[in-house]
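So you know, we letter chains A, B, ... as the sequences are listed, proteins then strands, and number each from 1.
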Protein chains: 4
Amino acid sequence: MILYTHGQHAQIGTFGSYLSSYTEILSRDYDRFLDCYKRLNTNPLGAGPVGGTSIAINRIRTTELLGFDSIHSNSIDATSSRDWAVEFAFNCAILMANMSRITADLLEWSAVEFGYVELADEYASSSSIMPQKKNPSTLELLRGKTSEAYSALIELLTMVKGVPSGYYQDLQQTKVTLWRTVDNTQACLYVMTGIMSTLKVKPDKMWKQVDGSFTSAVELAETLVMDAGLSFRESYKISAEIVNQVIKEGKTLKAITPIDVENVTQRLFNKRVIVTNSMIEEATDPKKSLLRRASLGCPNPDEIKKLHKENELKLKENKSILKNKKTAIDDALSSLHKLAKTYLD
Amino acid sequence: MILYTHGQHAQIGTFGSYLSSYTEILSRDYDRFLDCYKRLNTNPLGAGPVGGTSIAINRIRTTELLGFDSIHSNSIDATSSRDWAVEFAFNCAILMANMSRITADLLEWSAVEFGYVELADEYASSSSIMPQKKNPSTLELLRGKTSEAYSALIELLTMVKGVPSGYYQDLQQTKVTLWRTVDNTQACLYVMTGIMSTLKVKPDKMWKQVDGSFTSAVELAETLVMDAGLSFRESYKISAEIVNQVIKEGKTLKAITPIDVENVTQRLFNKRVIVTNSMIEEATDPKKSLLRRASLGCPNPDEIKKLHKENELKLKENKSILKNKKTAIDDALSSLHKLAKTYLD
Amino acid sequence: MILYTHGQHAQIGTFGSYLSSYTEILSRDYDRFLDCYKRLNTNPLGAGPVGGTSIAINRIRTTELLGFDSIHSNSIDATSSRDWAVEFAFNCAILMANMSRITADLLEWSAVEFGYVELADEYASSSSIMPQKKNPSTLELLRGKTSEAYSALIELLTMVKGVPSGYYQDLQQTKVTLWRTVDNTQACLYVMTGIMSTLKVKPDKMWKQVDGSFTSAVELAETLVMDAGLSFRESYKISAEIVNQVIKEGKTLKAITPIDVENVTQRLFNKRVIVTNSMIEEATDPKKSLLRRASLGCPNPDEIKKLHKENELKLKENKSILKNKKTAIDDALSSLHKLAKTYLD
Amino acid sequence: MILYTHGQHAQIGTFGSYLSSYTEILSRDYDRFLDCYKRLNTNPLGAGPVGGTSIAINRIRTTELLGFDSIHSNSIDATSSRDWAVEFAFNCAILMANMSRITADLLEWSAVEFGYVELADEYASSSSIMPQKKNPSTLELLRGKTSEAYSALIELLTMVKGVPSGYYQDLQQTKVTLWRTVDNTQACLYVMTGIMSTLKVKPDKMWKQVDGSFTSAVELAETLVMDAGLSFRESYKISAEIVNQVIKEGKTLKAITPIDVENVTQRLFNKRVIVTNSMIEEATDPKKSLLRRASLGCPNPDEIKKLHKENELKLKENKSILKNKKTAIDDALSSLHKLAKTYLD
């Protein structure tokens, strides 16, 4: 598959490396929620209307019984602060921004001009007027929903800025906005999971586009640096000159010969270099050039496999953390119910 | 000092409990930056234009030399993601929202109607037209600057949503926005530090306002629960009835007697309770009622002192974390410069 | 009533001049909706999916039948543009910002420290815990609702930026957002109308605050310019000096005598001026100083009455414009139904 | 050229109809600025600090001398309202949103997969690492700049919401934000003008894409309605069935014959219709089908020419309005300078 920068063909990549990038991105999104949880799962009960109470409430005991991790101590802070809510909404917003970027990619790649992917029928719709169309409606609606997440964040930021210290009823509405954006984000994650797990990926279309492209130009330049002893400044100009020649002749980079490269080098820099057939081939054959890619985290399938293993471990760990948090709350609530029952009996 | 809810007199508090609330709030702001740093101090070098490079770059070594904590692994992610920048801008925005709330409080409290605080002359300005005025200009400008922090966040959110995967030059402008909001936030913190450390606080004005208020009404109700065995539902109504009587007679709560309370209780609930002078006094004397306040984190000076000790420890720890992070970067850069010099010699 | 700038006492004003300012502000809000209507009430029918249709549709006739004022001509524009929706949402947002400013004023003025106004009981609520409180809940909720209007605007701006030319289903969600903000804004206008028409205004409290204030200082300075031939630079300093003296002595401006002013002038500028009792009185008596205020649109009741007459005329005109627009749509729909019936018969 | 909906091939259009759509869109943007000017070019001078002045200032005369169209009457409104500034910023924001949509279109169309347009060299840049690339940097930067316009709007909305009635120094910062967004928007319009006037448009690439597409399917369905007496419901299904057949056979719509259509109609609806060669040709030949397009404002070149004439008239009129407004201000300022000189002489 071709990777783009500036909307133009850049380098050869793989769909796996694309998916792997979102594993990392979504993992950061997850970490943000985890970080927020520390600030969010704190007990405000016992703060009174704003200045606490003279009734002897044991806040440590209520914290335990309600499954909170810690106490939201200062009574003014506990009643008037909603930064934790805004942070949660921000985490939803940036997660949805990432969802939006995935939908933009898939929308483009499902256009006739690319054809890299095809949405499953249950995630597409037909046109009421144009018989030939398959519309990726779920992707468009998902992209639209990102706006809702942004708007919820702005709504909360505007609310909290509007109130001085002390409880104000404006804050009551933070809940409505928070519920709306949580529902929205959850629904979008659910739909995205469905879209990705039913997506038809078309490697043949990806290869076809790579074949006719000039994305190997940078590999050619790098080869000349490593195997022919040129500086990148020189090899960049040589590679550019060759791309121009080949385009003029209506050919692709596969058509070039060692002699072509040697001649251009001679002409531009008055240098004699020896270029072999295998150097050309390693640089211009998409599969070989991918395997030559050496930097940690690059789309070379070996690198992606390594990343994938690390990410699987991290996922496992994250799932376990989540499970523990859920269990802690469930256990606390169950104790609470038992205790409450003793008062009723 | 009076604590407000709904813009109305609520309960008696202290300026110390107010300051303590912001110690906790700003501590969460600090934690958010610390959390963000994990996602931000990661090394993108070696990701190439988007798909890595076939040149053998040692990303572990460059990470070490540049003082990063870890590698931004996937090359597509490393070149196209800016969520860490948006998160940083959000942290500035919520911090500035908190600054804005402080300025709103101080603006109100420096008005003639309150007079709780007075800005030092160097943070105020005179009016060009009205001879009698001392304008809290720095507070107003600070509040205005919060808008800049919000706008920077929206600017970055809009930018990142606009680009599909792969590097796009839109992302170049994230830096300009980020620099702007960092400069802005730093300047505001600096000014706020100056304002707070030179602020004239006027306890006499605070006490005067407490004295004429009805903020002890809730304490009276709570006393009736604890010392006279009434339910809160009953004591609330009794206390409310007494407040109404006292207002009608143009007096304050200090004027009430045990008999008043006993009579109202008899009339409203047909119950005989015994109310003592000391019960009334403990409830309606501002200082005594503050000391009766018992819940963890309430404005009772003893509670605030406890919180203050915890917060001082946390501050010390945070300063040490920050120092270590700075040292790590300094050490790495110094090694880098030494290494670079060996190539030049 | 005292008018504030920088949160400090500035000049004497009247509640009438305050209300008059919002007549002007809300009139601009109204004009914005009227301007938007030109761009909004245009007929997109007949634009096909994006490129029109070969079926002979008479767009002039459908425009007439549907009660549109004009045709949204270009078929690509008609299907892909939503700027009119965003403009409408902006008009709601700025209207709500103005609502929010009114609520901030009323919230402050209903605090004990001011007591200028009192909400009718049906627009306030009692505290569940503090017997003495009357909470201006509707004001707080109204202020909170402004955030919704802002968020709807951002939601729509984000949506329209996200789609290239040509219809995309993201645009379908503009409707949901638009409906939400229209409902919200309408409800808030309805509640605000109720609040304002039942508001208890307390002129005695307003006068009491004026009496003890130094808001006449600027009038004193202006009097010295007009009646004693001093420059404003001089009279400003003299007035400031007198304010300081009076404050030191714990008095108000009413206590000063002509001799005081003459002495300060002599001391500061070595000038002899003649100051009369009536000059002092005209400057420091709140009512007299208000009537001396001469500039068009100032709080002098005569000026406000003039503005009020103009605004009443404008309101009448606006009501008539609105009625005509409603009638035009009703007439068109009624013709349409009649016509449709002829096909069914 | 192909028009898209849902990111998929929809109907045949022309580049002219695309440009015409933006003539209409930008004309609305212009109208919004014109509407705003009414609320913006009003004279606040003479409003004093907030409550006017007792000095006899002639506000009608200063309005005339300063080139304002009318007086910002109420002194409280004149000093504390900035809705006109926010409206101006909104007008910039929606204009920039439209700029952003144009850049998104051009970015896509300058990708290899489309090749409809090519940026002039002075508006593109080369890649520092990839020899084959021509990066449409100005488009990307323009798209990024839209975020600035959005952020300026939010900044102003947040500022005005934050202040109660009466002047507050927060409002001073509205100017900085306004200047920033005016400069930004002007620069972007300037660059966009350069991009569009030097853009290389490639009709051959547009035709090539039309030729292999199924965008005539809707025309075929419409032809069957008009010339063969079928309902749209029937013709839609017939057309869809034929598209599917043709795709299966790896052909385009040009390959179908009258018999094909007659057979499918017979099979699906058991109806006998007569289809002629010319019916097929008119529906499937891109040029002919464009000329058949009949609805007002559709991409039929005749319709676009009509729109163009109207838009040229409107442009001429707008230019003349703008010139008059400029002249009015210039004349006023020149009178003012002459008058000022008489005082100096």
Side-chain angles (χ1 to χ4, degrees), chain A residues 3-6 10-13 17-18 20-21 24-25 28 35 39 46 49-57 59 71 73-77 81 83 86-87 90 93-94 97 100-101 104-105 108 146 150 157 160-161 164-169 219 222 226 292-299 307, chain B residues 3-6 10-13 17-18 20-21 24-25 28 35 39 46 48-57 59 71 73-77 81 83 86 90 93-94 97 100-101 104-105 108 146 150 157 160-161 164-169 219 222 226 292-299 307:
Chain A
L3 301 178
Y4 290 75
T5 65
H6 307 270
Q11 286 179 288
I12 303 165
S17 64
Y18 171 75
S20 160
S21 77
E24 307 249 313
I25 291 166
R28 286 198 297 279
D35 285 339
R39 287 177 278 278
V50 61
T53 173
S54 52
I55 290 174
I57 184 169
R59 296 191 70 191
I71 302 180
S73 314
N74 184 293
S75 65
I76 302 174
D77 178 27
S81 295
D83 53 277
V86 193
E87 183 182 356
F90 168 74
I94 194 77
S100 177
R101 289 172 63 207
D105 292 332
E108 188 165 87
T146 305
Y150 278 24
L157 279 169
V160 297
K161 184 180 179 298
S165 292
Y167 178 78
Y168 284 79
Q169 214 156 335
E219 254 87 25
E222 289 180 353
M226 289 185 291
R292 265 180 83 96
R293 214 74 67 71
S295 56
L296 191 156
C298 75
L307 278 190
Chain B
L3 301 178
Y4 290 74
T5 64
H6 307 268
Q11 284 178 291
I12 304 164
S17 65
Y18 172 74
S20 160
S21 78
E24 307 249 313
I25 291 166
R28 285 199 298 279
D35 286 340
R39 286 178 279 278
V50 61
T53 174
S54 53
I55 290 174
I57 184 169
R59 296 191 70 190
I71 303 181
S73 313
N74 183 294
S75 64
I76 302 174
D77 179 26
S81 295
D83 53 277
V86 193
F90 169 74
I94 194 76
S100 177
R101 289 173 61 207
D105 292 333
E108 188 164 87
T146 306
Y150 278 24
L157 279 168
V160 298
K161 184 181 178 297
S165 292
Y167 178 78
Y168 283 79
Q169 213 156 336
E219 253 87 25
E222 288 180 353
M226 288 184 294
R292 264 180 84 97
R293 214 76 64 73
S295 56
L296 191 155
C298 76
L307 276 191

Hey, could you give me the [atom1]/[atom2] distance between [X] and [Y], rounded to the nearest 0.5 Å?
{"X": "Tyr18(B)", "Y": "Ile76(A)", "atom1": "OH", "atom2": "CD1", "answer": "8.5 Å"}
{"X": "Ser21(A)", "Y": "Asp77(B)", "atom1": "OG", "atom2": "CG", "answer": "6.0 Å"}
{"X": "Ser54(A)", "Y": "Met226(B)", "atom1": "OG", "atom2": "CE", "answer": "3.5 Å"}
{"X": "Ser75(B)", "Y": "Leu307(A)", "atom1": "OG", "atom2": "CG", "answer": "9.0 Å"}

Quick check on the interface: out of [options], who has the most heavy-atom pairs with chain A under 4.5 Å?
{"options": "Ala104(B), Ser73(B), Ala97(B)", "answer": "Ser73(B)"}
{"options": "Ala56(B), Ser20(B), Ala93(B), Gly166(B)", "answer": "Ser20(B)"}
{"options": "Ala10(B), Gly13(B), Ser17(B), Gly48(B)", "answer": "Ser17(B)"}

Can you give me the closest heavy-atom contact between [X] and [Y], atom names plus distance?
{"X": "Pro299(B)", "Y": "Gly52(A)", "value": "CD-N, 4.4 Å"}
{"X": "Ile57(B)", "Y": "Ser295(A)", "value": "CG2-CB, 3.8 Å"}
{"X": "Val160(A)", "Y": "Tyr150(B)", "value": "CG2-OH, 4.0 Å"}

Within the structure provided, determine whether Ile94(B) and Phe90(A) are in side-chain contact (heavy-atom separation under 4.5 Å). no
Q | Close side-chain approach of Gln11(B) and Val50(A), heavy atoms under 4.5 Å | A | yes
Portion of [X] that has a non-hydrogen atom of chain A nearer than 4.5 angstrom:
{"X": "Ser81(B)", "value": "both"}
{"X": "Ile55(B)", "value": "both"}
{"X": "Arg59(B)", "value": "side chain"}
{"X": "Ile12(B)", "value": "neither"}

Judged by atom type as modelled, is there a donor-acceptor pair below 3.5 Å linking the side chain of [X] to the main-chain atoms of [Y]?
{"X": "Arg293(B)", "Y": "Gly51(A)", "answer": "yes"}
{"X": "Asp105(B)", "Y": "Ser165(A)", "answer": "yes"}
{"X": "Asn74(B)", "Y": "Gly297(A)", "answer": "no"}

Per-residue tally against chain B (heavy atom, under 4.5 Å) across Glu219(A), Glu222(A), Arg292(A) peaks at Glu222(A)
Comparing Arg28(A), Gln169(A), Glu24(A) against chain B, the one with the most heavy-atom pairs below 4.5 Å turns out to be Arg28(A)
Against chain B, label Leu157(A) side chain, backbone, both or neither, depending on which of its atoms sit under 4.5 Å from a heavy atom there.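 Contact with chain B involves both backbone and side-chain atoms of Leu157(A).
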Honestly, the part of Glu108(A) sitting under 4.5 Å from a heavy atom of chain B is neither
Q.
If you apply the rule side chain to side chain contact (heavy atoms under 4.5 Å, CB included), what do you find for Cys298(B) with Thr53(A), and how did you get there?
A. CA-CA 7 Å; Cys298(B) 76; Thr53(A) 173; over 6 Å; no
Quick test of your reading of the model: are Asp83(A) and Arg101(B) salt-bridged, counting only N-O distances below 4.0 Å?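 Answer for the salt bridge query: no.
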So, His6(A) versus Tyr167(B), ring centres under 6.0 angstrom or not?
yes
